[in-house]
Amino acid sequence: MSHKVLIANRGEIALRALRACKELGIQTVSIYSEGDRNLKSLRFSDESVCIGPSDSKSSYLNVPAILSAADLTNADAIYPGYGFLAEDHAFAEQCSLSGFKFIGPHHETIKKMGDKITAKSIVTNYGIKCVPGFSDEIPEEKDELEKITKSIGYPIILKATAGGGGKGMKIVESIDQLSNALQIASKEAEANFGNGRIYIEKFIENPRHIEIQVVGDGKGNAIHLGTRDCSIQRRHQKLIEEAPALDVNQTKLDELLNCCVELCKDINYEGAGTLEFLYENEEFYFLEMNTRIQVEHPVTEMVTGFDIVKAQLRIALGLPLSLDQERIFIRGHAIECRINAEDSEKFIPNPGKITRMHIPGGFGIRYDSHIYNGYTVPPFYDSMLAKIITLADSRDSAISRMLMALDEFFIEGIKTTHQFHQKMLVDKTFTSNKHSINYLEKEFLKDGD
Ligand code: ADP
């Protein structure tokens, strides 16, 4: 049976999905906003439909326009990618109700696991530890609230239940900052996410961010594809990711991997997903589950040889796929550097025209990107331009290979995070794998001042 997939995204992930569809002989429909007429993926797509003006609300978040495009082109499935509508359970439900297969988990699963508080209570039943905290309704009574935060222990972090992309978090160092911080956090959450609800977590001071990739077939079979370490972050957003995570307590990790797979089997998890953890003093603390593909999926693909995007398509479209844990092996080490249209010091967005560029290549180097010479980076969307990924037999060799790739790579016309990566990859704390999630902002940038 022939299939046609509408790719409800833009940029590198749209191109990534398009390539996977082509390999599987699936017809493709791309959507684009008025400001995205020059997207590379449009040239390779079988069909493309303009779905509205440049601002995301009128285009990539415009559900009626996307469903009309799917209808108009007779698509049978919709691939959401990451960001935009990828974790919107109402969109997933709307797709099904309109007769399109949503490529991802069932909308009820997105609703449960995509909600940070519900997800925490579910994973606890599988013996998975969460960051200590409080996620019930915040009491109005000051004394009661202070009692709760005291028992968690300062510093604490206030997080918006509807937050995402590293936004909507506020660290509170001591009790006297609490009521003020809570008011601001709630107002900001209301303004940014349309929901002012806040929950409280212990602020883990020097953890690493470690995550587990899972894939389920929606029929009770699930596997894991190992770990990633994403501890190099700025503003709680990742810049460098690696697979596998090194220097972790193997016994605890093995237990955790089993728990994650059991959970996915039990909930008939369908498609790709990631369980995110903070890791400190040999303990893993669950943060959240992302019920979609992640930006950093290539590092896992490189060390396992398992094509996650193709698996997502196969599972959703009922094409044959064997999910056999015994056949998954981790080989070598992979690193990904995100090249963003941001300056390398303060990470301020810098859209504009690329006047000249050169792409790296060679053995063990992968380059995932939608940009090209003469392309104008629009100011409306996420600043990520490219992902450079290297695979080698050890972490040291993957770093050396990345340095070589970064040396070949250049972009002119706009500022990017290119130089940041060149500096970080020779930094002693990074090369010795001693960094935590705070290292970049609290030490690395300060040292360079
Ligand atoms: P989002 O959905 O916005 O990405 P997450 O809960 O996944 O939010 O957290 C993103 C990042 O924020 C983490 O990788 C970590 O750097 C930081 N963070 C979140 N919760 C905590 C915590 N309790 N203690 C310390 N850092 C935290």
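Note that ligands are numbered from 1 as they come in the structure, with each ligand's atoms numbered from 1 the same way. In what follows, every heavy atom counts, from backbone to side chain, and hydrogens, waters and symmetry copies are set aside.
A salt bridge links E342 with R234: the distance from a Lys NZ or Arg NE/NH1/NH2 to an Asp or Glu carboxylate oxygen falls below 4.0 Å. Look at E276 and K238 and you find a salt bridge, because one of the NZ, NE, NH1 or NH2 atoms lies within 4.0 Å of a carboxylate O, short of that distance.
Within 4.0 Å of ligand 1, protein heavy atoms belong to K116, V131, I157, K159, G164, G165, G166, K167, M169, E201, K202, F203, I204, H209, Q233, H236, E276, L278, L287, E288, I437, listed by chain and number.
Taking the six-membered ring for Trp and the full ring otherwise, F444 and F420 have centroids separated by under 6.0 Å.
Within the 4.5 Å cutoff, no side-chain heavy atoms of E283 are placed close to those of L278.
Between the side chain of E201 and the main chain of K159, no donor-acceptor pair closer than 3.5 Å is present.
Annotation: ring pair (Phe, Tyr, Trp, His ring centres under 6.0 Å) contacts of F284 (sequence neighbours excluded): Y279.
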